[in-house]
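What follows is a short report on a single structure.
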Amino acid sequence: AIPFITGLLLLVSRPPAQARTIAMVATLACAVIALAQCWQYPGGELTFIERDWVPDWGLRLKMGYDGIGLLMLMLTAVIFPFIIAAGAKENQENPAVVNALLLFTQSFLFGVFTAQNAFLFYIFYELSLVPLFFYLLFWGGANRRAITMRFFIYTLLGGLALLFGIAYCVVQEPSHSADFSALHALHLPYDTQVWLFWALFLAFAVKLPIFPFHSWQPDTYTMAPLQGTMVLGGVLLKMGLFGVLRFVFPLVPLGTEHWRDLVVWLSIIGAIYAGWIAFRQTDLKRLVAYSSLSHVGILCAGLFAWNTYGITGSLYQAFAHAVLVVSMLYIVGAVQRRTGTTDLSVMGGLKLKSPRLAALFFLVMINAVALPLTQSFVGEWLMFNGLWQMEGGLWMTVAAVSTIILGAVYMLYAYQRVMLGPDTRVKPGVLLSEIADADQADHLFLVPLIAITLVLGFFPAPVLDLVQGSVQTLL
């Protein structure tokens, strides 16, 4: 309720100077509450709202969370203050409206991760796209209308397939309840589960996205403003992961067993393909977009390993990926503000005049390449173990591990192109000697994210313990 009410106040009052401060206070309050809930979490599933809404349609206002939902709530709450802060150095028209749209997105994401009713989940799932749609449409870059419409059509079609799957399951449920507790008790025939799997999974495959449902992602990430890309890559795609765990695995376990090898191979192939394309990019932001696509492919493969290691690793990696993407995109913005471009072919030598920024970039990069004792290393090690335990998992694991090599190649290439090499004139009238180093705001943004990466890389138990019980219940 806090981000939604704050967003409404910003829309009504539209304070030009205080909008970001007000939004920051609201998101920090949410972060404190979410972290307190994690600290006090007793385990199991907690329900804090249960009311009839439209019972004849199976729609009830039932909200709560288990360990997995609480991790997603914490992820969303912790990442959004950084997303709000990222706009401090951006030249924005109507900052009150921008921050209101971001707060609405956060509030609907909270709804997604707390919904205990399938129709309620769907409502929040679709609502989360509305403020982001308008943000991309009015504040996006070149070709924003065509790219935003393609993004909208992809997600809308996936959402309609999900709605059909939910309606079918509710009809099959004896009391026509859409509560997850009732739907998870269904035992649908094998033949039904085989086709229903795709009706339920399609929306989440688009949202993650995985190959071959990914074509909307690179252009959307590149066109979107910095904060919009952070929302898309850092938080919004986690709805796809969460949806698989809420719908696909419990409702169609036989369908999952039938199709999971195909999904795992599609995910790995997409990850390798995205890694190769990332290496060939000449634009830093597009390189980060394809890098994210590669990481998400491995995340989905680990999820569909469908064992304790795979699912736990995917959940852990979801948090690591959010921290990584937001950090990398901030680096992209910092480089672009200093050089006026994201074109790698004209960059080079920034380390000579921006050594602190180069050091921060390096610390972010070691998480991107999953160096031991970083957050990404823990998640990927668990996911690879999960793939290894699958029948025929040897070749899947070998193929998945190859993405680490590709990741090291394209990330080191990006770092070399931006930070090392000779002094380069990057745009007319701007010399390297005129470029400023990382300032206090840059450190306040990146150092906490780097600290999360290193602390949870060294001591991952808080996150793993949070989801352990829920993962065991799911399996």
Side-chain angles (χ1 to χ4, degrees), residues 154-155 157-162 164-166 168-169 188-217 237-277 290 292-315 317-318 379-380 382-404 406 471 474-475:
Y154 262 84
T155 52
L157 292 177
L160 290 175
L162 175 62
F164 169 78
I166 293 172
Y168 180 87
C169 291
L188 299 171
Y190 175 82
D191 291 344
T192 299
Q193 292 194 31
V194 168
W195 66 260
L196 186 59
F197 171 88
W198 287 104
L200 295 173
F201 179 59
L202 183 61
F204 309 130
V206 170
K207 184 66 67 181
L208 280 166
I210 65 165
F211 178 86
F213 309 104
H214 67 285
S215 61
W216 64 267
Q217 190 246 35
L237 66 82
K238 307 309 183 291
M239 290 197 301
L241 168 70
F242 186 75
V244 170
L245 295 172
R246 280 289 177 267
F247 284 90
V248 179
F249 288 175
L251 287 175
V252 287
L254 299 178
T256 302
E257 183 69 30
H258 181 86
W259 292 111
R260 72 168 180 158
D261 284 359
L262 175 63
V263 174
V264 168
W265 276 115
L266 285 175
S267 301
I268 294 173
I269 290 169
I272 295 172
Y273 164 78
W276 174 250
I277 297 298
Y290 279 106
S292 174
L293 185 59
S294 182
H295 283 98
V296 168
I298 299 303
L299 189 151
C300 187
L303 183 66
F304 274 85
W306 206 18
N307 53 44
T308 302
Y309 276 116
I311 295 175
T312 304
S314 293
L315 289 167
Q317 189 67 9
E380 295 198 356
L382 289 169
M383 291 188 294
F384 294 153
N385 270 273
L387 291 171
W388 181 269
Q389 293 180 7
M390 292 179 64
E391 183 178 349
L394 170 62
W395 294 111
M396 293 178 180
T397 308
V398 170
V401 168
S402 71
T403 62
I404 291 185
L406 279 171
V471 170
L474 180 67
L475 294 172

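- Closest heavy-atom contact between V264 and M396: CG1-SD, 3.6 Å.
- Screening residues 238-252 for side-chain hydrogen bond (donor to acceptor under 3.5 Å, both in side chains), with sequence neighbours left out, gives D66-R246, K238-H321.
- Rounding to the nearest 0.5 angstrom, the gap separating the CZ atom in F242 from the CG atom in L237 is 14.5 Å.
- The shortest heavy-atom contact between W265 and A399 is CZ3-CB, 4.1 Å.
- Side-chain contact between V471 and L315: present, with at least one pair of heavy atoms (C-beta onward) separated by less than 4.5 Å.
- Distance check, rounded to the nearest 0.5 Å: OG1 of T308 to CG of L474 gives 9.5 Å.
- Summarising the geometry, atom CD1 belonging to I210 is positioned 11.0 Å from atom CD1 belonging to I268; distances are rounded to the nearest 0.5 Å.
- Minimum interatomic distance between A400 and L387 (heavy atoms only, all atoms of both residues): CB-CD1, 3.7 Å.
- If you run side-chain contact (heavy atoms from CB on, under 4.5 Å) between C300 and each of L266, L241, V263, only V263 comes through.
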- Yes or no on side-chain contact (heavy atoms from CB on, under 4.5 Å) for L200 and L251, after CA distance, side-chain angles and deciding distance? CA-CA 9 Å; L200 295 173; L251 287 175; 4.1 Å; yes

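- Annotation: F249, atom CZ; neighbour count of heavy atoms from other residues, nucleotides and ligands within 6.0 Å is above 12.
- By the 6.0 Å contact criterion, CH2 on W395 is open, its count of non-hydrogen atoms from other residues, nucleotides or ligands being 12 or less.
- Two residues are said to be in side-chain contact when any heavy atoms from C-beta on lie closer than 4.5 Å; E380 and H295 meet this criterion.
- Considering CG of L406 and CD1 of I277, their distance stands at 11.0 Å, rounded to 0.5 Å.
- Nearest heavy atom pair, residue Q217 against residue P209, reads CB-CG, 3.9 Å.
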- side-chain contact (heavy atoms from CB on, under 4.5 Å) between Q193 and E257, worked out: CA-CA 10 Å; Q193 292 194 31; E257 183 69 30; over 6 Å; no

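- Side-chain contact between T155 and W216 is absent, with no heavy-atom pair separated by less than 4.5 Å.
- Partner F201 forms a ring-ring contact (aromatic ring centres under 6.0 Å, His included) with one of F247, W259, F304, F213 and no other, that one being F304.
- With sequence neighbours excluded, the residues satisfying side chain to side chain donor-acceptor pair (under 3.5 Å) with Y190 are H258.
- Put simply, the residue from T397, V398, N307 that forms a side-chain contact (heavy atoms from CB on, under 4.5 Å) with W388 is T397.
- Looking at S267, its side chain never comes within 3.5 Å of a backbone N or O of I298 through a donor-acceptor pair.
- In terms of heavy-atom proximity, G165 sits nearest to A199 at CA-CB, 4.4 Å.
- Closest approach of S294 and A271 over heavy atoms only: OG-O, 2.8 Å.
- Applying the side chain to side chain donor-acceptor pair (under 3.5 Å) rule to Y273 yields no partners; only residues at least two apart in sequence or on another chain are considered.
- With rounding to the nearest 0.5 angstrom, the CG atom of L382 is 10.5 Å from the CZ atom of F384.
- Here the straight-line distance linking atom CG of L254 with atom CZ of F197 works out to 12.0 Å at 0.5 Å rounding.
- With a 4.5 Å cut-off on side-chain heavy atoms, Y309 and Q389 count as touching.
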